[in-house]
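Since the structure comes first, as structure tokens, the remarks are kept for the end.
A note on names: the letters A, B, ... follow the listed sequences, proteins ahead of strands, and every chain is numbered from 1.
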There are 2 protein chains.
Amino acid sequence: MVKAAAPGVDWREDRRRSAREAIVAAAWALVEQDGLAGLSLRDLAQRAGITTPTVYAYFDSKNAIYDAMFGQAAEQFLAHMSAVEVTGNARSDLVAELSQFAEFCISNVARYQLLFQRTIPGFAPSADSYGHAVAALDRVQVRLAALGFTDPRLLDLWTAMGTGLVDQQISNDPGGDRWLRLIEDAVDMFLAHFPPEPPPKRKRAKR
Amino acid sequence: MVKAAAPGVDWREDRRRSAREAIVAAAWALVEQDGLAGLSLRDLAQRAGITTPTVYAYFDSKNAIYDAMFGQAAEQFLAHMSAVEVTGNARSDLVAELSQFAEFCISNVARYQLLFQRTIPGFAPSADSYGHAVAALDRVQVRLAALGFTDPRLLDLWTAMGTGLVDQQISNDPGGDRWLRLIEDAVDMFLAHFPPEPPPKRKRAKR
DNA sequence: GTCTATAGCTGGATAGAC
DNA sequence: GTCTATCCAGCTATAGAC
């Protein structure tokens with residue numbers, strides 16, 4: 001209504017944007033059902049209530065759709081991981097972090113595959129979409145650093161543990177919790193061997 | 001030559017068997033190049049020096065080819081993992097085990113995907129092929145048990161660590177060694193938190 | 001922007017001669 | 001068993017009317 005004349009972002013752009021989002025939403029619904037690689041533009045158009053050529057009015061190619069999905073997934077990942085509460089206690093924070101990560105991955109396997117595995121043959125995310133993903137991973141690093149883990153090798157070991165648990169869970173016990181139950185054990189193991197550096201000097205009041 | 005009349009395994013069967021193996025070999029060459037899902041029967045036939053219908057003289061369907069590949073991969077996995085030397089020292093044995101596993105996975109990513117990830121839409125290994133894979137995984141369990149690790153949760157954590165390192169290596173640093181270098185750290189972490197049970201009582205003569 | 005219609009291609013799988 | 005020829009389904013993508 002009062003959306004008046006913001007330069008370049010008028011109702012026209014809004015319409016187009018929401019139409020694009022509707023297509024992407026339909027794409028998510030399909031890949032969650034038929035698998036990431038099984039997406040076809042025919043099905044997509046039908047699901048979105050339009051025809052195939054209309055899809056091309058909004059996306060240049062099928063990969064452009066994957067790219068939009070990738071960007072959205074990265075945003076969702078950032079939001080999901082930012083929602084975890086920080087207490088300052090290393091153990092509970094690491095458990096929360098890992099649980100949140102696992103929940104994100106498992107709640108949408110297709111999204112996990114798109115974002116973290118490279119399973120679509122000709123697809124590589126655009127620089128723009130990839131930027132979101134990098135930002136999300138940076139955040140993980142920052143949070144771990146706040147807990148006293150700064151050694152890059154430690155960070156790599158941490159991500160390996162996380163993806164390993166998630167990967168085994170998805171591949172070998174889908175729908176179950178055989179590996180999810182091990183999250184606390186994994187964190188304890190990690191903490192026992194790599195005690196966090198002493199309090200990261202919470203000296204940031206001044207500024 | 002002296003292969004005479006072994007009942008049911010005459011030269012006819014041998015010819016057929018070697019023809020099948022040639023097709024499977026061509027399939028491996030193709031998937032290593034174009035990705036596991038990118039395999040097409042046209043390309044396969046061309047690579048094998050035959051025509052598409054001839055492929056069907058040896059395999060009922062494309063999935064039957066994947067199945068033969070799966071069985072072969074499982075056999076190779078068992079052989080590769082059996083080649084690692086056992087010293088009885090937990091640390092060096094675990095490092096060797098994990099290194100061997102990583103080497104196997106990384107040396108042929110398509111094989112890794114076929115065997116350990118479920119990435120081909122309509123494909124599930126036959127009971128026969130799957131049996132080989134189960135045997136191979138059993139062997140891992142037995143070897144860990146010999147080192148004093150019998151808790152099934154421990155085994156799951158161990159496999160998660162292994163696949164996590166391999167997965168990160170393949171996905172995020174293909175051709176490099178960023179995660180491979182962490183194998184020793186990972187083993188130390190594992191050992192520090194879960195010291196193996198005292199010598200597995202090599203007293204099993206009786207029985 | 002949205003449609004109908006279709007091009008153009010590639011896929012797995014089969015028929016039938018030899 | 002191996003071929004030529006082909007079917008039929010699916011796909012991405014485009015042309016052109018409205």
Within this structure, what is the [atom1]-to-[atom2] distance between [X] and [N], rounded to whole angstrom?
X: A/Ile23; N: C/dG1; atom1: CD1; atom2: C1'; value: 11 Å
X: A/Ile65; N: D/dA13; atom1: CD1; atom2: P; value: 9 Å
X: A/Phe59; N: D/dT14; atom1: CZ; atom2: C1'; value: 18 Å
X: B/Leu41; N: D/dA9; atom1: CG; atom2: P; value: 18 Å
X: B/Asp43; N: C/dC9; atom1: CG; atom2: P; value: 16 Å
X: B/Tyr56; N: D/dT4; atom1: OH; atom2: P; value: 17 Å
X: B/Ile120; N: C/dG12; atom1: CD1; atom2: C1'; value: 15 Å
X: A/Asn63; N: D/dA13; atom1: CG; atom2: C1'; value: 13 Å

Inset, instruction - Considering only NZ, NE, NH1 and NH2 on the basic side and carboxylate oxygens on the acidic side, decide whether B/Arg91 and B/Glu184 come within less than 4.0 Å. - result: yes

Inset, instruction - Just call it for B/Leu44: base, sugar-phosphate, or nothing, with non-hydrogen atoms closer than 4.0 Å on any strand. - result: nothing

So, is [X] close to the [N] phosphate, meaning a side-chain N or O under 4.0 Å from OP1 or OP2?
X: B/Ser40; N: C/dG11; value: yes
X: B/Thr54; N: D/dG1; value: no
X: B/Tyr58; N: D/dT2; value: yes
X: A/Arg16; N: C/dG1; value: yes

Inset, instruction - Validate the cation-pi geometry between B/Arg139 and B/Phe77: distance from NZ or CZ to the six-membered ring centre under 6.0 Å, angle to the ring axis within 45°. - result: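 Ring-cation test returns no.
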
Legend entry - Cation-pi geometry met for B/Arg17 and B/Tyr58 (6.0 Å, 45°): no

Inset, instruction - For B/Val95 and B/Ile183, work out which heavy atoms get closest and say how close. - result: O-CG2, 4.1 Å

Inset, instruction - Could you tell me if the ring centre of A/Trp158 sits under 6.0 Å from that of A/Phe149? - result: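 No; A/Phe149 has its ring centre 6.0 Å or more from that of A/Trp158.
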
Legend entry - Pair of N/O donor and acceptor under 3.5 Å linking C/dG11 base with B/Arg42 side chain: yes

Legend entry - Among D/dA13, D/dT4, C/dA13, the one nearest B/Pro53 by side-chain distance: D/dT4

